[in-house]
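Every chain is numbered from 1 and lettered A, B, ... according to where its sequence line falls, protein lines coming before strand lines.
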Amino acid sequence: MSRYKSYLTIEDLHKVVGEEITLRGWVFNTTGKGKLQFILLRDGTGVVQCVVFKGNVNEETFEAGKSLTQESSVIITGKVKAEERAPGGFEIDVTGLQAVQIAKDYPITPKEHGDAFLIEHRHLWLRSSRQNAIMRVRAAVIKAIRDFFDGNGFKLMDSPLLTPNACEGTSTLFETEYFDLGKAYLSQSGQLYAEASALALGKVYTFGPTFRAERSKTRKHLTEFWMVEPEMAYFDLDDDMDLAEDLVEYIVQFCLKTCTKELAILERDTTFLEKIKRPFYRISYSEAVDYLHKNNIPLKKKVDGQEVDILPFPWGEDFGTVQEEAIMEQFDKPCIIHRYPTEAKAFYMKRDPENSKVVLAMDMIGPEKAGELIGGSQREDDYDALMKRIKENDLPVEAFQWYLDLRKYGSVPHSGFGLGVERTVKWITGASHIREVIPFPRMIYRIVP
RNA sequence: UCCUGAGUAGCUCAGCUGGUUAGAGCAUCUGACUGUUAAUCAGAGGGUCGGGGGUUCAAGUCCCUCCUCAGGAGCCA
């Protein structure tokens with residue numbers, strides 16, 4: 001058997017009570033008490049209190065224990081015992097101790113710190129128990145996503161990250177030189193490629209990082225974030241919305257089941273999350289506008305640098321944060337808003353055959369101010385209609401020739417959506433800022449570490 | 001890009017209408033302690049008050065300018 005398989009971790013300690021074992025980790029904190037030393041040891045899977053008593057070990061070991069500082073790396077041998085006085089219920093009665101490296105002046109102390117300081121030390125901040133818990137939930141969210149799709153007949157089909165053109169033609173993109181072929185851009189969505197993949201394999205999902213060069217400065221935006229985008233042949237908008245609800249329900253329930261400890265560390269009120277089961281809420285854009293009218297929610301717009309309120313909210317304008325939060329106040333579960341005005345949405349979305357002023361688009365808004373978790377639509381599958389929309393939007397037809405091909409050779413109704421991984425993790429963990437839910441956030445004024 | 005706010009010790013902050021040698025808590029170092037959970041007690045070290053310029057007998061404090069950062073709008077997942 002490989003030796004590494006015998007390495008014991010703190011989360012498995014309950015299986016070896018009474019045995020003498022070895023743990024490899026780092027010093028989370030220490031307190032001395034004369035002939036008695038308490039060492040809180042962490043190893044990434046948990047934290048356990050180790051006790052060094054002068055009467056139980058030789059002088060050298062005791063001195064080695066005294067020399068340990070916060071975040072020093074150490075290998076500790078000792079006997080596992082159940083101990084009510086210790087946090088977590090278990091304790092290591094130390095018999096041997098080997099300092100691997102002594103850390104000097106670890107910057108993040110057990111006391112309070114400001115946001116700016118912590119994010120500057122992101123590479124070390126990840127060691128804190130709160131960040132550790134968030135990263136574990138993130139891993140669980142991603143596993144839930146993959147399990148859900150893999151278990152429902154979807155195939156993973158990666159989309160390229162370097163693309164020759166702007167996918168939706170709207171967002172600002174990061175630009176780079178691509179050999180002798182001119183400019184290339186970092187992808188803001190894998191959707192167009194996912195459509196081609198769906199017409200090849202039926203049900204696919206693309207999962208990877210996405211880039212937006214918008215100069216956003218908010219607690220829910222990143223310039224680099226992860227998105228999963230399923231795309232399904234022969235799915236209409238209703239199928240699309242059903243799938244979106246199934247996915248979100250699955251993710252939340254999976255996290256509740258597998259991340260009990262993590263959510264407790266984060267002090268997340270899970271009674272709220274337990275309610276996240278289908279059916280969710282659904283309203284059309286027009287119904288949402290009616291609601292805004294009834295509640296006197298205005299459109300906030302800037303005219304000549306002055307912010308003005310426009311009442312009643314004009315039909316045709318896209319919703320901003322103010323409108324979305326007002327609409328969500330009545331809901332304790334996610335809500336899908338569907339059938340948006342054509343002008344407010346992307347060129348590739350299919351018009352509603354029953355009302356040409358709207359497109360078959362949908363956004364899922366999360367409760368508790370989670371914001372937009374999902375954006376999706378049924379795609380325009382008619383060659384002429386799509387061509388018309390490309391031209392109306394002043395997009396280069398040549399660049400979209402391959403995309404138009406999909407409407408020429410066996411076109412079918414098809415739909416898909418994109419779910420923001422970080423937005424979802426932020427909601428489930430209750431993190432106050434999106435930068436806490438990705439290991440190394442990329443934001444407008446921060447690219448280090 | 002626009003609006004608002006903030007930069008004082010390693011960290012979190014106080015510092016009033018300008019006025020002796022700029023403060024606290026924590027962290028660090030030294031010492032005491034067999035049950036600590038952010039231990040406690042005694043002592044020590046630690047500052048270009050974001051940079052530059054100006055007003056003044058005197059500037060952390062007032063004025064100008066630049067820099068850095070934060071979060072709100074817009075954009076969106």
Side-chain angles (χ1 to χ4, degrees), chain A residues 28-40 47-56 62 66-67 69-70 83-88 91 93 103-121 167-168 170-173 188-191 209-229 244 248 299-308 317-322 324 344-346 363-366 370-376 417-427 432-435 437-438 443-446:
Chain A
F28 198 64
N29 204 0
T30 61
T31 59
K33 190 95 167 88
K35 291 173 184 160
L36 196 59
Q37 295 165 24
F38 297 96
I39 300 160
L40 276 177
V47 177
V48 69
Q49 175 167 283
C50 305
V51 182
V52 191
F53 176 47
K54 199 167 186 175
N56 288 358
F62 190 76
K66 260 169 88 173
S67 73
T69 54
Q70 193 189 355
E83 170 60 66
E84 274 184 25
R85 287 173 291 184
E91 186 172 270
D93 209 348
K104 208 165 173 272
D105 298 327
Y106 184 70
I108 304 178
T109 64
K111 296 286 175 174
E112 60 195 315
H113 295 285
D115 295 345
F117 179 81
L118 289 171
I119 200 70
E120 267 163 33
H121 295 83
C167 159
E168 301 181 15
T170 51
S171 284
T172 322
L173 305 182
Q188 58 149 350
S189 166
Q191 181 209 312
T210 307
F211 307 88
R212 305 272 163 97
E214 299 288 343
R215 302 180 79 83
S216 299
K217 265 184 78 85
T218 80
R219 57 182 77 195
K220 57 183 186 186
H221 286 89
L222 292 164
T223 56
E224 178 184 310
F225 64 96
W226 283 69
M227 186 156 69
V228 59
E229 295 173 279
V248 170
L299 170 70
K300 297 211 180 267
K301 210 168 186 179
K302 268 197 185 142
V303 181
D304 299 331
Q306 287 286 308
E307 192 162 278
V308 291
E317 293 285 340
D318 204 357
F319 298 147
T321 314
V322 179
E324 282 177 1
K345 289 289 173 184
D363 283 352
M364 186 190 290
I365 323 287
E372 287 176 31
L373 301 172
I374 282 177
F417 62 82
L419 172 126
V421 169
E422 287 78 15
R423 291 261 176 98
T424 306
V425 178
K426 179 175 180 284
W427 168 45
S432 61
H433 200 299
I434 199 161
R435 69 183 157 213
V437 304
I438 184 166
M443 294 171 297
I444 176 167
Y445 291 129
R446 207 174 279 285

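No hydrogens or angles were tested; on distance alone, a donor-acceptor pair under 3.5 Å links the side chain of A:E91 to the base of B:G35. Taking 3.5 Å as the limit, the base of B:C2 and the side chain of A:R215 contain no donor-acceptor pair of atoms between them. With hydrogens and angles ignored, a donor-acceptor pair closer than 3.5 Å exists between the side chain of A:Q49 and the base of B:U36.
Between A:E120 atom CD and B:A70 atom C1' the separation is 12 Å, expressed in whole Å. Distance A:D105 CG to B:C26 P: 18 Å, rounded to the nearest Å. Atom CD of A:Q188 is separated from atom P of B:A77 by 8 Å (rounded to the nearest Å). Atom CZ in A:F417 sits roughly 17 Å away from atom C1' in B:C76 (whole-Å rounding). Atom CZ in A:R85 sits roughly 17 Å away from atom P in B:A39 (whole-Å rounding). Rounded to an integer number of Å, the gap from A:E84 CD to B:U36 P is 14 Å. A straight line from CE of A:M364 to P of B:C76 spans 19 Å, rounded to a whole angstrom. Straight-line distance from the CD1 atom of A:I444 to the P atom of B:U1: 8 Å, rounded to whole Å.
Under the Watson-Crick or G-U wobble criterion, with both distances below 3.5 Å, B:G60 is left unpaired in every strand shown. Across the strands present, B:G7 finds its partner in B:C67; the criterion is a Watson-Crick or G-U wobble pair with both atom distances under 3.5 angstrom. Across all strands shown, the partner of B:C2 is B:G72, judged by Watson-Crick or G-U wobble contacts whose two distances both fall under 3.5 Å. Across all strands shown, B:A77 remains unpaired; no Watson-Crick or G-U wobble contact has both distances below 3.5 Å. In this structure, B:A44 forms a base pair with B:U28, meeting either the Watson-Crick or the G-U wobble geometry with both donor-acceptor distances under 3.5 Å. Across all strands shown, B:C13 forms a Watson-Crick or G-U wobble pair with B:G23, both key distances being under 3.5 Å.
On the P atoms, B:G5 is 24 Å away from B:G19, given to the nearest whole Å. Only the P atoms considered, B:U40 is 35 Å distant from B:U21, to the nearest whole Å. As rounded to the nearest Å, B:G18 and B:A24 have C1' atoms that lie 23 Å from one another. B:G15 sits 9 Å from B:U8 when the C1' atoms are compared, rounded to a whole Å. Going from the C1' atom of B:U4 to that of B:G74 covers 16 Å, rounded to whole Å. B:C49 and B:C13: their C1' atoms are spaced 13 Å apart (whole Å). For B:U68 and B:G52, the C1' atoms lie 15 Å apart once the distance is rounded to whole Å. With both ends at atom C1', the span from B:U48 to B:A59 equals 15 Å, rounded to whole Å.
An OP1 or OP2 oxygen of B:G71 is reached within less than 4.0 angstrom by a side-chain nitrogen or oxygen of A:R435. Within the 4.0 Å cut-off from OP1 or OP2 of B:G35, at least one side-chain nitrogen or oxygen of A:K33 is found. A sub-4.0 Å separation between OP1 or OP2 of B:A39 and a side-chain N or O of A:N29 is present. Taking side-chain N and O atoms only, A:R219 has a distance below 4.0 Å to OP1 or OP2 of B:G72. Regarding contacts with the backbone of B:A77, every side-chain N or O of A:H221 stays at 4.0 angstrom or more from both OP1 and OP2. Checking the phosphate oxygens (OP1, OP2) of B:G74, a side-chain nitrogen or oxygen of A:T321 falls inside 4.0 Å.
Within 4.0 Å of A:R423, counting heavy atoms only, lies at least one base atom of the nucleic acid. Using a 4.0 Å heavy-atom criterion, one finds that A:K220 contacts the bases of the nucleic acid, with or without backbone contacts as well. Here A:Y445 lies in heavy-atom contact (under 4.0 Å) with sugar-phosphate atoms only. The residue A:G371 sits apart from the nucleic acid: no heavy atom pair falls under 4.0 Å. In this structure, A:L222 reaches the bases: a heavy-atom distance under 4.0 Å links it to at least one base atom across the strands shown.
With the nearest nucleotide of RNA chain B identified for both A:F225 and A:Q70, A:Q70 has the one nearer the 5' end. In terms of position along RNA chain B, the nucleotide closest to A:M443 lies nearer the 5' end than the nucleotide closest to the other residue of the pair A:M443 and A:L419.
Side-chain contact check for A:R435 versus A:D115: some heavy-atom pair is nearer than 4.5 Å. Looking at A:K54 and A:L36, their side chains never come closer than 4.5 Å, going by heavy atoms from C-beta outward. Side chains of A:I438 and A:W226 form a contact here, defined as non-hydrogen atoms less than 4.5 Å apart. Residues A:F62 and A:V52 are in side-chain contact: their nearest non-hydrogen atoms beyond the backbone lie under 4.5 Å apart. With contacts defined as side-chain heavy-atom distances shorter than 4.5 Å, the pair A:T30/A:Q37 does not qualify. Inter-residue side-chain proximity for A:R212 and A:T223 is flagged as unmet; no heavy-atom pair is nearer than 4.5 Å.
Between A:T109 and A:Y106, the shortest heavy-atom distance links the atoms CG2-O, 4.3 Å. Counting all heavy atoms, side chain and backbone alike, A:F28 lies closest to A:Q70 at O-CG, 3.5 Å. Shown here for A:R423 and A:I434, the closest heavy-atom pair between the two residues is N-CD1, 4.1 Å.
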Under 3.5 Å, which N/O atoms of the protein pair with N/O atoms of nucleotides 7-12 of chain B?
| from | atom 1 | to | atom 2 | distance (Å) |
| --- | --- | --- | --- | --- |
| B:C11 | O2' | A:E112 | O | 3.0 |
| B:C11 | O2' | A:H113 | ND1 | 2.8 |
| B:U12 | OP1 | A:G114 | N | 2.9 |
| B:U12 | O2' | A:E112 | OE1 | 3.4 |

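The aromatic rings of A:H121 and A:F117 lie tilted to each other, with the angle between the two planes from 30° to 60°.
Donor-acceptor pairing under 3.5 Å is recorded for the side chains of A:E229 and A:S189.
The nucleotide whose nearest atom lies closest to any side-chain atom of A:F38 is, among B:C29, B:A70, B:U36, B:U36.
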